[in-house]
Structures are given as C-alpha cells and as structure tokens.
Undergrad: 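My questions will all concern the structure given below.
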Amino acid sequence: MTDTHDVVIAGAGPAGGQAARDLASRGYDVVVLETETEDEFPSRSNKSTAGTFPSTMASFGIPDEVVMNFTDDVILESPNHHYRRHQPGAVLEFADFKNWLVDEAVADGAEYRFDARVSKPIMDGDEIVGVKYNGDEEIYADIVIDATGPAAPLAKALDVCGLKREKQAIGIEFEYENVDVDAGGYADLTDSMMLRLDHDIAPGGYSWIFHTGEDTAKVGVCYLQNESHRKNSKSGYTIDDYLQYWVDTDPRFEDAVKLEGKQHRGSAHVQLPDSMSTDNFMAIGDTVPTVDPLWGEGIDKCMRSGRVAAATADRSLTDSDRDTSARELAVYDQLWQDRVAPKVKKRLFMTEMLYRASNERYDALVDDLHKHSKDKLDSVNAGNLRDMLGMLKFEDISILAKTARDWVRN
C-alpha cells in the first residue's frame, strides 16, 4: 500500500516543527521525517544559541519551561567598546524547545518518524510527489516541505533557492560554567545576550556570550569563509581553534569550564534565495535563510517561515481541486517576503557590508550607536534605506563598492 499523506516535512527543527504544529492543528495528515533517533533527539551537536524576544514567545506560545534565562539587555561589542540596549529576551534550552514543538504537533495528530534520513525527491515528470529516505523507503504527499537547513537535499535537487557554498556560515558553541559575566574592563553581561564584532576572534563573522544564569553562559563563534575571513584569518585555524583562542585570551573565561555534552555545531546560508517554492514543494527555515543585520533573531525567522508555509499549504489543500501548483504555492514566497523577511535585500546587503568592515570601523560603529535613538536603530535593522545610508562614513565607500560588485556578479 502506498504511504501517502497531505504533507511531508523533512526536518524537525524550529521551522519544520512549527509548520507541523500549525498543519496538524488544522486537521491535516502530516508526517515529519527527522534524521536523528528519537532517543538522541536533539543531539548535542545540533546548533544552539536560541536567543529570542518576547514577541516571539507570545506569537508562538513558547512556554517559560523551555527558557534557561530571561535577559534584560542586548549588548554589541567591538574590540574596544560596547553598546547596551534594553531589550528583554529569553535564552532557550534548545533541546527542550525542540522537544516541546514535537509534543505540541503530536498532540494535534502529526506523525514523527525519527531515524529517517531524507536523501532525494521522488519525481513524476518535473514535479516532486514524495521523498526517498533511509535508502529505499518511500513516502508520498500532496505537498513536500524541506526544513533540513543548509543540507537542503530536496531544495538542491529541485534547484530551488540557488544555495551557494561560499555563502554558508559555520559556527560552534560550547556552554561553560565559572564564566565571569561582570569582569573589569568589559560590559556587565548579567542577564544579557552579547554579540561581538572582532576579526581577531571571528574573522568574517561574529562571536557571542549569552548568559544562561548564575555563572553559566553559551559561548560561540560563527563566520563566513569570505574575503574578510581570508584577509583576517590566522594560518591553519579551524572554527574550533578560534573559539579556543577566545577562551584562552579573554579574562572572562579565565576559570571557565566546559559543561559536558553541551557542544553545538551548525551552519546557515547568508544569501538572497532565488525562489522558495515550486510545484508541490516549499523550502523553509534555514534552508531559505535570512538574518537581522544587528540582532539575528534566527529562531523567530525560522518559526515565521514555518507558519506562512503552513498557511499556504492550508490555502492550497482546501481548494476544491487541491491545487498545489507552483502558481498557488508562490503565495508562500510573497508571504515570506512580507512577513518573515521584509526588505531582505537591503538587510542582507547591510549584513555583508558589516562582515567586511575592519575592527577599527567596528569600534567607530559602536561609538555611533550611542548617538542614535532606539527607533532609528530599529529602522536600520528593518532595512530602511535612508537610515542605513545615514550611518555610513566616507571610508565605507570602498566596502559598499566591493559588496555591490559581488552582488552584481552573483
């Protein structure tokens, strides 16, 4: 008997979990295929950080039980300066958060199949009608959703999104105890989420410390292997080496001890997607990445993309003819542009410029942030072109020109 369902979702992360949750609550026959085994889900290697804001907590009903620490501020550090902004937030225990999403969807009728590695699409002519997993296992659906993140086996096979390896960021994070969150000469990180722009630690990217309570914190490094990384990198250093270098040289970690089993690795694309859907198919979450230039908000973006994909599927499947054509599912692309990543071109352009700037420019940026209102910074982060241009300096012209040339070429 053919294994056929309304919707099949590859990947049980925040995007896939939220899409399954929404679709199951609307009565659809939904199956989620997850690579990890049920006993190991989510594994310690799964990417973490998981900082989010009250708007996300409220929008998706995320319970306090999955929060490690409620924070008061977001701090942006450069090599020699810092900027503090009052912005309440929450650092999630990522494993508990993902398991909560599974429980929510299952309670509404979704089926999860763990230890189910998706390998490629099943095609009928030019259209995807199902997926292969675990070798020869097959499952069919009216709509297939790829929520596997940067791996994206289905999106890549269908040539959706146009993902480029050189636009893929890699990251590593450890959780530590005995972290001095209020060390002399540094910002007080008590109940804060801190992002640091410093090529000595993360060439072509950023690093972070998220306070998780008492003397514990999530500490990580992430970067693109871009021109800025090549220019500023240390010979022979891996991502692990950079994190260890930071821990060895920053007095906040002088007595820090890694927590056993609290290691996380991950990657994400930082690029403008070509498209996000085609006949019977949508790509969501980190498979179709976006980023806020200053504050990140990856959890929020993933869950919002899962939600608008579910809304699109609901619209298509309730049609009298169950129209899941590319034309109908293109509604998802529009909703993504409007509700998940508005002004995404400007915001990604600004992000690329930010990673190309020098350490001296990072110091100047942090100094400048003190001169602007919260409303203006929110406007910059949201992609307001006038306010973005207002923060540029004369020395940024060369960075602007290089970034523009790369965008035209790519």
Undergrad: Mind checking side-chain contact (heavy atoms from CB on, under 4.5 Å) for S25 and listing every partner two or more places apart, or none if nothing turns up?
TA: D108
Undergrad: Please report the closest heavy-atom contact between P14 and I299, naming both atoms and the distance.
TA: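 Of all heavy-atom pairs spanning P14 and I299, the closest is CG-CD1, 4.0 Å.
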Undergrad: Answer with yes or no whether the side chains of Q244 and D248 bring together a donor and an acceptor at under 3.5 Å.
TA: yes
Undergrad: Any side-chain donor-acceptor pair under 3.5 Å between N359 and D200?
TA: no
Undergrad: If you look only at pairs with a residue in residues 141-151, which of them pass as a side-chain hydrogen bond (donor to acceptor under 3.5 Å, both in side chains), with sequence neighbours excluded?
TA: D142-R322, D146-T148
Undergrad: Excluding sequence neighbours, so at least two apart, what forms side-chain contact (heavy atoms from CB on, under 4.5 Å) with R307?
TA: Q18, D22, F60
Undergrad: Between the side chains of S78 and R196, is a donor N or O closer than 3.5 angstrom to an acceptor N or O?
TA: no
Undergrad: Mind checking what makes salt bridge (Lys or Arg N to Asp or Glu O under 4.0 Å) contact with D29, not counting sequence neighbours?
TA: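 Expected list: none.
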Undergrad: Does S325 have any side-chain contact (heavy atoms from CB on, under 4.5 Å) partners at least two apart in sequence or in another chain, and if so, which?
TA: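 With sequence neighbours excluded, S325 shows a side-chain contact (heavy atoms from CB on, under 4.5 Å) to D279, D323, R327, E328, given in chain and number order.
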Undergrad: Please report the shortest heavy-atom distance between A309 and M282, naming the atom on each side.
TA: O-CE, 3.4 Å
Undergrad: Just to verify, what does Y176 make a ring pair (Phe, Tyr, Trp, His ring centres under 6.0 Å) with, not counting sequence neighbours?
TA: none
Undergrad: Tell me every residue that passes ring pair (Phe, Tyr, Trp, His ring centres under 6.0 Å) with H5, counting only those two or more places apart in sequence or in another chain.
TA: none
Undergrad: Would you say the rings of H370 and Y83 are close, in the sense that their centroids are separated by under 6.0 Å?
TA: yes
Undergrad: With sequence neighbours left out, which residue pairs that include part of residues 59-71 fulfil the salt bridge (Lys or Arg N to Asp or Glu O under 4.0 Å) condition?
TA: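 Of all non-adjacent pairs touching residues 59-71, none passes salt bridge (Lys or Arg N to Asp or Glu O under 4.0 Å).
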Undergrad: Quick one: list whatever passes ring pair (Phe, Tyr, Trp, His ring centres under 6.0 Å) with Y242, sequence neighbours left out.
TA: Y223, Y237
Undergrad: Tell me every residue that passes ring pair (Phe, Tyr, Trp, His ring centres under 6.0 Å) with Y186, counting only those two or more places apart in sequence or in another chain.
TA: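 Testing Y186 for ring pair (Phe, Tyr, Trp, His ring centres under 6.0 Å), a comparison that skips the adjacent residues, returns none.
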Undergrad: Looking only at heavy atoms, which two atoms of A217 and I209 are closest? And how far apart?
TA: CB-CG2, 3.8 Å
Undergrad: Among residues two or more places apart or on two chains, list those pairs meeting salt bridge (Lys or Arg N to Asp or Glu O under 4.0 Å) that have a residue in residues 124-140.
TA: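 Those involving residues 124-140 are K132-E138.
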Undergrad: According to side-chain contact (heavy atoms from CB on, under 4.5 Å), who are the partners of T249, at least two apart in sequence or on a separate chain?
TA: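 T249 satisfies side-chain contact (heavy atoms from CB on, under 4.5 Å) with Y245 once adjacent residues are dropped.
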Undergrad: Between Q334 and D338, does any side-chain donor sit less than 3.5 Å from a side-chain acceptor?
TA: yes
Undergrad: Hey, could you give me the CG/CG distance between L369 and L76, rounded to the nearest 0.5 Å?
TA: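 Those atoms lie 6.0 Å apart.
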